[in-house]
Visitor: 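Let me give you the structure first, and then I'll get to my questions.
Within every chain, numbering begins at 1; the chains are lettered A, B, ... in the order of the sequence lines, protein sequences first and strands thereafter. Any value given below was found using the heavy atoms of this structure, including those in side chains, with hydrogens, waters and symmetry copies removed.
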Amino acid sequence: MGHPLGYIGTDIYSRYHRMNGANVLHPMGFDAFGLPAEQYAVETGIHPAITTEKNLETYKRQLKAFGFSYDWDRSVATTDPAYFKWTQWIFLQLFNSWFDPDRKVARPISELIEDLEAGHLSADGVMWQNLEPADKARYIDSRRLAYIDEVPVNWCPALGTVLANEEVTSEGLSDRGNHPVYQRPLRQWMLRITDYADRLIDDLDLVDWPASVVAMQRNWIGRSEGANIVFEVDGDTPPIRVFTTRPDTVFGATYMVLAPEHDLVDSLTAQMWPDGTKPEWTLGIDSPADAVAAYRLATSRKSDRDRQVDEREKTGVFTGTFAINPLNGERIPIFIADYVLMGYGTGAIMAVPGQDERDWEFAEKFDLPIVRTVMPPPDFEGNAYLGDGPAINSGFLDGLEVEAAKARIIQWLEVNGHGEGTITYRLRDWLFSRQRYWGEPIPILHGPNGELRGVDEAELPLRLPEVDDYRPASMDDEDADPMPALAKADEDWRLVEIDGVTYTRELNTMPQWAGSCWYYLRFIDPDNDERMVGREAEEYWMANGGVDLYVGGVEHGVLHLLYARFWHKVLYDLGHVSTPEPFARLFNQGYILADAFTDDRGVYVDAADVKLNDGVYTYNDEEVTRVYGKMGKSLKNSVNPDAIFAEFGVDTLRLYEMFMGPLDTSRPWSTRDIVGVHRFLHRLWRNFIDEDTGEVLVSDEPSSGELQVLLHKTIASVSGDMEHLHFNTAVARLFELNNALVAEDRVPADIAAVFPRLLSPFAPHISEELWHRMGKEGSVVTAPWPHHDEELVREEMATMIVQVNGKVRDRLEVPIGITETEAVALALASERVLAHTGGADPRKVIARLPNVVSLVV
RNA sequence: GCCCGGGUGGCGAAACCGGUAUACGCGGCGGACUUAAAAUCCGCUGUCCUUCGGGGCGUGUGAGUUCAAGUCUCACCCCGGGCACCA
């Protein structure tokens, strides 16, 4: 459980809408697969299902203590077999679908087979009829949205599992636990999220989300337009395809670089160094093959983190082979270097040092020629020139500006068969296998000849087997393939016989994010045994383009929200849900911040036990360092809600958290400030109840005059604030009304009827109590939200400021409908104004009535 | 480096479309009640000058637009977040 700030926010919003007669679905669920539960199981040997169950009870108890109005009948846990049955079912939907690139939608795989058999499509250019059955199966498997592929993956030895790109931080460490991550090729389950890249970008226009999250998603998907260019290579090696966003600079390509892991490296590496090989190109090694092998080994030993150190020197080695620049026929040397990444574009680049800083750096270090193909401005100082300008040294492109040159060269490439315009994404397919125990088993069977078979839907849920040890199997050889924890299951789980064929179960489990990709759908219809979610219920609740309000932390800006959108779109394409996007409105709540403390090892210590003496913080008499961060378990700086409840009560805590600032802003916790809201509640109580006698101090008479106006203004502004989640200002308005009541002997009847209702979303307990003491019918929770009287809110007088030469010189009370002539006359007659105008006629008069008269003299 | 946010009193923060900057709360100061304290209630609380009428200056810095700028434009500084050898 994170800090409850966001939960308080949705609870208030839900209660407000219920009082307005809305049918509110406000659920809470538990994403309980994953590392914490598993690690606890490893340590204690207790099955994670048992500890998970216990934790859920604790969480529920704590959440209930906050007075949250969740519909507990709709609660789900991703670890519940009745739930993950459908997570597995969705996986099978992915497995049984393909992405139709023409229609840009997912379709059942059976339709691909039909199209192939009918001859509408070919299998990568080969007639379907000409394929052997095994090749047909292999082709079909390669087209599925869930497919197995050998790709460079993020291998985290400390966690014993592979990780998705999204789970690796920019420092090259695991998102969970900060362990180093290494690249290595492995056969793993992948989900084809990249096919959805364009739709994941475009459909961000359909949702009401914070700009920052929209930017993060666009950034992560990283669409970039450019061209693929094909370079022929000396000898009998196949040509090399490069991706570039600057095809206009191709005349300046003076060498070429492949990623060290590139497929063609072996076949193009020369037998011996050709004439003219410079010494710095060879690592001092006699043969190209040895030099390349040495460089590749060195690269593979580096963790992602090492590869990303800031002051990175360019390194690389010549392959001994040349490519031909298709534009000018120049022979250019081919290098491998780790500044080119296998996972982006084609894993190969044409290097244009004149217009690329990285290439410039490499060219200088390796003594390679540099040709400018864009004319820099005369005052340009520096190396590579990235800006706009006319093309030079570029044959038929000379004189064209960058954009025009790009269009021209792409046309040339396409006409002459040397390449084509294309789009590349930073986003990569979602690595979906984990070697951990505590996750959803992937419902796939492997046949004796490598054929894949989905577990029958009737067999779902596929439960986890019992094992003695929940750890992924450890390996002596660090290069050995990771061994999933499920490999330790008994044979009667692992092996399945169908029609006399023995299949092996898939031993990987799904990643943490699988269950949370679709839980919002299950809340709609949590007990449905027939379907993931009933069609009618889904259409009813998702009618406004998805979930009406999703409050969560920005930390899900990429991971969870991207994955969930992807799954949702697949389900949409297959007709299982009715909206293209899952979450219509997203709101990021801020964090509660607090001091945290680390000891000399950099380990967090319990902030509650840190003492301050003479400006020095100590823990167990050891000096500790003060840091500042998000309140929570990981920094050990939580304020225990139970202690706050005991001292101030739940209503105070709820109000305090809302009053501290806007919901989307992080703010420091300050126990000192709590007394403010606590005083408010006491004052409210004293306004309504005589503390000595318990008498209810409510008058039979309604309010009048200013107090009545204040009441209606309060109703108006609190209601407006509720819609916009401006809870801090709503609370401030309630403070003002409450303060105004202090001077009254008794609370006027109309105010007494309204105040507990306005307050009840924030402080439900005291509101309910007052409601009952006043003898009102039913619960304040079901009382209708009050409405203000427009007539009473409308002002009759306004304060008009009078400016002389831009400075405020007087303030006058004027009727709201004052005419310009009257206003100006009044302004000019003001003594304070006269003191500054000297009685002279103004040169210019601007009136914005009834607020401003501005005079220029 | 690129992309998002943000910078307002001693502190948390308000200020809708450019129109009274600092609502509301905390803290501080003064007063009432009390033997006293707590609690409560009342008043003051941006800053400088003041003949007590007022006046000058104030929303990170510097320019600009405007009768008028916390709000719009440009440049810069600082803080937070995301991405980063992505061709």
Side-chain angles (χ1 to χ4, degrees), chain A residues 169-170 210-220 222 224 226 242-247 249 257 259 307-310 312-314 337-341 343-352 355-359 361-362 424-428 554-555 557-558 588 590 593 655-656 659-662 664-670 672-677 679-680 682-683 686 691 717 720 724 726 728-736 738-739 742-743 798-808 810-811 831-832 835 842-857:
Chain A
T169 67
S170 54
S212 61
V213 176
V214 170
M216 277 161 71
Q217 296 234 335
R218 276 185 213 282
N219 215 332
W220 189 264
S224 66
V242 304
F243 173 73
T244 177
T245 53
R246 294 296 302 276
T249 64
V257 185
R307 251 172 114 154
Q308 293 179 355
V309 281
D310 258 346
R312 53 209 128 187
E313 271 279 288
K314 290 281 178 293
D338 66 2
Y339 83 93
V340 172
L341 309 174
Y344 185 76
T346 60
I349 61 158
M350 61 174 200
V352 187
Q355 275 78 231
D356 185 289
E357 280 167 5
R358 296 151 301 181
D359 295 344
E361 219 182 293
F362 190 89
T424 289
Y425 303 90
R426 204 189 81 102
L427 179 71
R428 291 182 230 169
V554 251
E555 69 270 23
V558 173
N588 291 134
L593 306 173
L655 267 175
Y656 168 64
F659 183 60
M660 287 158 86
D664 57 357
T665 308
S666 294
R667 66 300 289 277
W669 176 269
S670 168
R672 193 179 72 181
D673 292 346
I674 294 180
V675 297
V677 284
R679 275 179 204 153
F680 161 77
H682 274 287
R683 189 175 294 169
R686 284 194 309 270
E691 287 199 290
S717 40
H724 299 104
H726 292 170
N728 54 329
T729 49
V731 174
R733 297 291 87 81
L734 294 174
F735 268 74
E736 285 173 324
N738 192 36
N739 289 345
V742 171
T799 307
M800 181 178 83
I801 58 161
V802 184
Q803 293 185 340
V804 180
N805 289 340
K807 286 192 194 289
V808 179
D810 203 0
R811 285 143 211 231
E831 274 183 41
R832 292 177 182 172
R843 285 191 289 126
K844 194 172 176 187
V845 177
I846 294 112
R848 287 284 176 280
L849 298 173
N851 296 314
V852 181
V853 169
S854 188
L855 308 170
V856 186
V857 294

Visitor: Look at all strands and tell whether A/Gly345 reaches a base, only sugar-phosphate, or nothing, counting heavy atoms closer than 4.0 Å.
Guide: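 The answer is nothing, as A/Gly345 stays clear of every strand by at least 4.0 Å.
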
Visitor: Is B/U35 paired to anything, Watson-Crick or G-U wobble with both distances less than 3.5 Å, and if yes, which nucleotide?
Guide: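 Pairing partner: none.
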
Visitor: Answer yes or no: does a side-chain N or O of A/Arg733 lie under 4.0 Å from OP1 or OP2 of B/A14?
Guide: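 False: A/Arg733 side-chain N/O out of range (4.0 Å or more) of B/A14 OP1/OP2.
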
Visitor: Quick check on B/C11: is either OP1 or OP2 less than 4.0 Å from any side-chain nitrogen or oxygen of A/Arg667?
Guide: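 No, no such contact exists.
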
Visitor: Base, sugar-phosphate, or nothing: which does A/Thr424 touch, judged by heavy atoms less than 4.0 Å apart?
Guide: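 Answer is nothing: A/Thr424 stays at 4.0 Å or more from every strand.
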
Visitor: In whole angstroms, how far is the P atom of B/G25 from the CD atom of A/Glu736?
Guide: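 The answer, rounded to whole Å, is 7 Å.
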
Visitor: Does the side chain of A/Ser224 get closer than 4.0 angstrom to OP1 or OP2 of B/A87 through an N or O atom?
Guide: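 For B/A87, OP1/OP2 do have a side-chain N/O of A/Ser224 under 4.0 Å.
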
Visitor: Just checking A/Gln803: base, sugar-phosphate only, or nothing, at a heavy-atom cut-off of under 4.0 Å?
Guide: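 Touches a base.
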
Visitor: Between A/Val554 and A/Val213, is there a side-chain heavy-atom distance shorter than 4.5 Å?
Guide: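 Sidechains of A/Val554 and A/Val213: in contact.
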
Visitor: Please state how far atom CG in A/Asn728 lies from atom C1' in B/C11, giving the value in whole angstrom units.
Guide: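 To the nearest whole Å, that distance equals 16 Å.
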
Visitor: Mind checking the P distance from B/G56 to B/C2? Whole angstroms is fine.
Guide: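 Taking atom P in both B/G56 and B/C2, they lie 43 Å apart.
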
Visitor: Paired with B/A75 by Watson-Crick or G-U wobble geometry, both distances under 3.5 Å: which nucleotide is it?
Guide: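 Checking every strand shown, B/A75 finds its partner in B/U61, with both distances under 3.5 Å.
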
Visitor: Given the C1' atoms of B/A63 and B/C49, what is the spacing between them in whole Å?
Guide: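 Here B/A63 and B/C49 have their C1' atoms 29 Å from each other.
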
Visitor: P atom, B/G18 versus B/G12: distance in rounded Å?
Guide: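 Here B/G18 and B/G12 have their P atoms 27 Å from each other.
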
Visitor: Check every strand shown and say whether A/Ser670 touches a base, only sugar-phosphate, or nothing at a heavy-atom separation below 4.0 Å.
Guide: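 Counting heavy atoms under 4.0 Å across all strands, no contact is made by A/Ser670.
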
Visitor: Whole-Å distance between B/C3 P and A/Arg426 CZ?
Guide: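 About 16 Å, once rounded to whole Å.
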
Visitor: The side chain of A/Ser212 lies closest to which of these nucleotides: B/C4, B/A87, B/C42?
Guide: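 Shortest atom-to-atom distance from the side chain points to B/C4.
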
Visitor: When the P atoms of B/G9 and B/A14 are compared, how many Å lie between them, rounded to an integer?
Guide: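 My reading of the P atoms in B/A14 and B/G9 gives 14 Å.
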
Visitor: Within the 4.5 Å heavy-atom criterion, are A/Arg686 and A/Val742 side-chain neighbours or not?
Guide: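 Side-chain contact under 4.5 Å: no.
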
Visitor: Determine the interatomic distance between C1' on B/A23 and the same-named atom on B/U61; round to the nearest Å.
Guide: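 B/A23 and B/U61 have their C1' atoms separated by 28 Å.
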
Visitor: Please tell me if the side chains of A/Tyr656 and A/Met660 come closer than 4.5 Å, counting only heavy atoms from C-beta onward.
Guide: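 In contact.
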
Visitor: Quick check for you: among B/A15, B/C24, B/G19, whose closest atom lies nearest to any side-chain atom of A/Thr729?
Guide: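 Between B/A15, B/C24, B/G19, the one nearest the side chain of A/Thr729 would be B/A15.
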
Visitor: Among side-chain atoms of A/Asn219 and A/Arg426, is any donor-acceptor pair under 3.5 angstrom?
Guide: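 There is no such pair (donor and acceptor under 3.5 Å, judged by atom type) between the side chains of A/Asn219 and A/Arg426.
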
Visitor: Rounding to the closest angstrom, what is the interatomic distance between B/G5 and B/C74 at atom P?
Guide: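 It comes out at 13 Å once rounded to the nearest Å.
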
Visitor: Mind checking the P distance from B/C4 to B/A75? Whole angstroms is fine.
Guide: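 Those two atoms are separated by 13 Å.
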
Visitor: Answer with base, sugar-phosphate or nothing: what part of the nucleic acid does A/Phe735 contact at a heavy-atom distance below 4.0 Å?
Guide: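 It contacts sugar-phosphate atoms only.
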
Visitor: With a cut-off of less than 4.0 Å, is there a side-chain N or O of A/Arg679 near OP1 or OP2 of B/C26?
Guide: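 Yes, within the criterion.
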
Visitor: Surrounding CD of A/Glu357 (heavy atoms of other residues, nucleotides or ligands, distance under 6.0 Å), is the total greater than 12?
Guide: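 No, not enclosed.
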
Visitor: Under 4.0 Å from OP1 or OP2 of B/G25: is there any side-chain N or O of A/Arg672 that close?
Guide: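 Indeed not, no polar side-chain atom of A/Arg672 lies that close.
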
Visitor: Please classify the nucleic acid contact of A/Asn851 as base, sugar-phosphate, or nothing, using heavy-atom distances under 4.0 Å.
Guide: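 Contact class for A/Asn851: sugar-phosphate only.
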
Visitor: Nearest to the A/Ile801 side chain among B/C4, B/U20, B/A87, which nucleotide is it?
Guide: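 For the A/Ile801 side chain, the nearest candidate turns out to be B/U20.
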
Visitor: Looking at side-chain heavy atoms only, is the closest gap between A/Ile349 and A/Tyr339 below 4.5 Å?
Guide: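 The answer is yes; the side chains approach within 4.5 Å.
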
Visitor: Report the nucleotide, chosen from B/C4, B/A87, B/C41, that has the shortest atom-to-atom distance to any side-chain atom of A/Arg686.
Guide: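 Looking only at heavy atoms from C-beta outward on A/Arg686, the closest nucleotide is B/C41.
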
Visitor: Roughly, in whole Å, what's the span from OH in A/Tyr344 to C1' in B/A84?
Guide: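 Answer to the nearest Å: 12 Å.
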
Visitor: Where does B/C67 land, syn or anti, once you apply the within-90°-of-0 test for syn?
Guide: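 B/C67: anti glycosidic orientation.
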
Visitor: To the nearest angstrom, how far is A/Asp359 atom CG from B/A87 atom P?
Guide: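 Distance check: A/Asp359 CG to B/A87 P gives 12 Å.
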
Visitor: Nearest nucleotide by nearest heavy atom, which residue falls closer to the 5' end of RNA chain B, A/Arg811 or A/Lys844?
Guide: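 It is A/Arg811, whose closest nucleotide lies nearer the 5' terminus.
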
Visitor: Can you tell me if the side-chain N/O atoms of A/Asn739 get under 4.0 Å from OP1 or OP2 in B/C24?
Guide: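 Looking at the OP1 and OP2 atoms of B/C24, neither is under 4.0 Å from any side-chain N or O of A/Asn739.
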
Visitor: Please work out whether B/G6 sits syn or anti, treating a glycosidic angle within 90° of 0 as syn.
Guide: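 Because its glycosidic torsion lies more than 90° from 0, B/G6 adopts the anti conformation.
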
Visitor: Quick one: look up who B/C44 pairs with, Watson-Crick or G-U, both distances under 3.5 Å, and put none if it's unpaired.
Guide: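 Partner of B/C44: B/G28.
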
Visitor: For A/Asp664 and B/C4, give me the distance from atom CG to atom P, rounded to whole Å.
Guide: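 Spelled out: CG on A/Asp664 to P on B/C4 is 18 Å.
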
Visitor: What's the closest nucleotide to the side chain of A/Phe243 if the choices are B/G54, B/A87, B/C24?
Guide: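 My answer, after comparing the listed nucleotides, is B/A87.
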
Visitor: Hey, which of these two, A/Gly806 or A/Met216, hits RNA chain B nearer its 5' end, going by closest nucleotide?
Guide: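 Checking each residue's closest nucleotide, the 5'-ward one belongs to A/Gly806.
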
Visitor: Under 3.5 Å for both donor-acceptor distances, Watson-Crick or wobble: does B/C17 have a partner, and if so which one?
Guide: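 The answer is none; no pair meets the criterion.
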
Visitor: Which whole number of Å gives the distance between the P atom of B/U66 and that of B/G1?
Guide: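 Roughly 34 Å separates the two P atoms.
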
Visitor: Please report, rounded to the nearest Å, how far the C1' atom of B/C24 is from the OH atom of A/Tyr656.
Guide: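 Computing the A/Tyr656:OH to B/C24:C1' distance gives 14 Å.
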
Visitor: Expressed in angstrom and rounded to an integer, what is the separation of A/Arg246 atom CZ from B/A87 atom C1'?
Guide: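 In whole Å, B/A87 C1' lies 11 Å from A/Arg246 CZ.
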
Visitor: If B/U8 has a Watson-Crick or G-U wobble mate with both distances under 3.5 Å, name it; if not, just say none.
Guide: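 Base-paired to nothing in any strand shown.
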
Visitor: Which of these nucleotides, B/C26, B/C67, B/G12, is closest to any side-chain atom of A/Pro668?
Guide: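 The closest nucleotide is B/G12.
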
Visitor: Would you say the base of B/C67 and the side-chain of A/Ser854 have a donor-acceptor pair closer than 3.5 Å?
Guide: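 Indeed, a donor on one side and an acceptor on the other fall under 3.5 Å apart.
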
Visitor: Paired with B/C85 by Watson-Crick or G-U wobble geometry, both distances under 3.5 Å: which nucleotide is it?
Guide: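 Here B/C85 is not engaged in any pair, so there is no nucleotide opposite it.
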
Visitor: Which part of the nucleic acid does A/Pro210 contact within heavy-atom distance under 4.0 Å: base, sugar-phosphate only, or nothing?
Guide: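 No contact at all - A/Pro210 keeps every heavy atom at 4.0 Å or more from the nucleic acid.
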
Visitor: Can you confirm whether A/Val804 sits close enough to A/Arg832 that some side-chain heavy atom of one is under 4.5 Å from a side-chain heavy atom of the other?
Guide: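 Side-chain contact under 4.5 Å: no.
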
Visitor: With rounding to the nearest 0.5 angstrom, report the CG to CZ distance, A/Leu655 to A/Phe735.
Guide: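 The CZ atom of A/Phe735 is 7.0 Å from CG of A/Leu655, to the nearest 0.5 Å.
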
Visitor: Please check the phosphate of B/G58 (OP1 and OP2 only) for any side-chain N or O of A/Lys807 closer than 4.0 Å.
Guide: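 Answer is no, no contact under 4.0 Å.
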
Visitor: Would you indicate which nucleotide in B/C85, B/A87, B/U20 comes nearest to any side-chain atom of A/Tyr339?
Guide: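 Output: B/C85.
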
Visitor: Think A/Asn588 has a side-chain N or O under 4.0 angstrom from the OP1 or OP2 of B/G5?
Guide: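 No, outside the criterion.
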
Visitor: Can you tell which of B/A87, B/G25, B/C3 lies closest to the side chain of A/Asp673?
Guide: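 Ranking B/A87, B/G25, B/C3 by closest atom to the A/Asp673 side chain puts B/G25 first.
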
Visitor: Would you check if A/Leu734 and A/Phe680 make a side-chain contact, meaning some heavy-atom pair closer than 4.5 Å?
Guide: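 Contact flag for A/Leu734/A/Phe680 side chains = yes.
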
Visitor: Any chance you could measure A/Arg667, atom CZ, to A/Asp673, atom CG, to the nearest 0.5 Å?
Guide: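 Answer for the CZ-CG pair, A/Arg667 versus A/Asp673, is 12.0 Å.
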
Visitor: Using the glycosidic torsion, which applies to B/G53: syn (within 90° of 0) or anti (everything else)?
Guide: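 Syn, angle within 90° of zero.
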
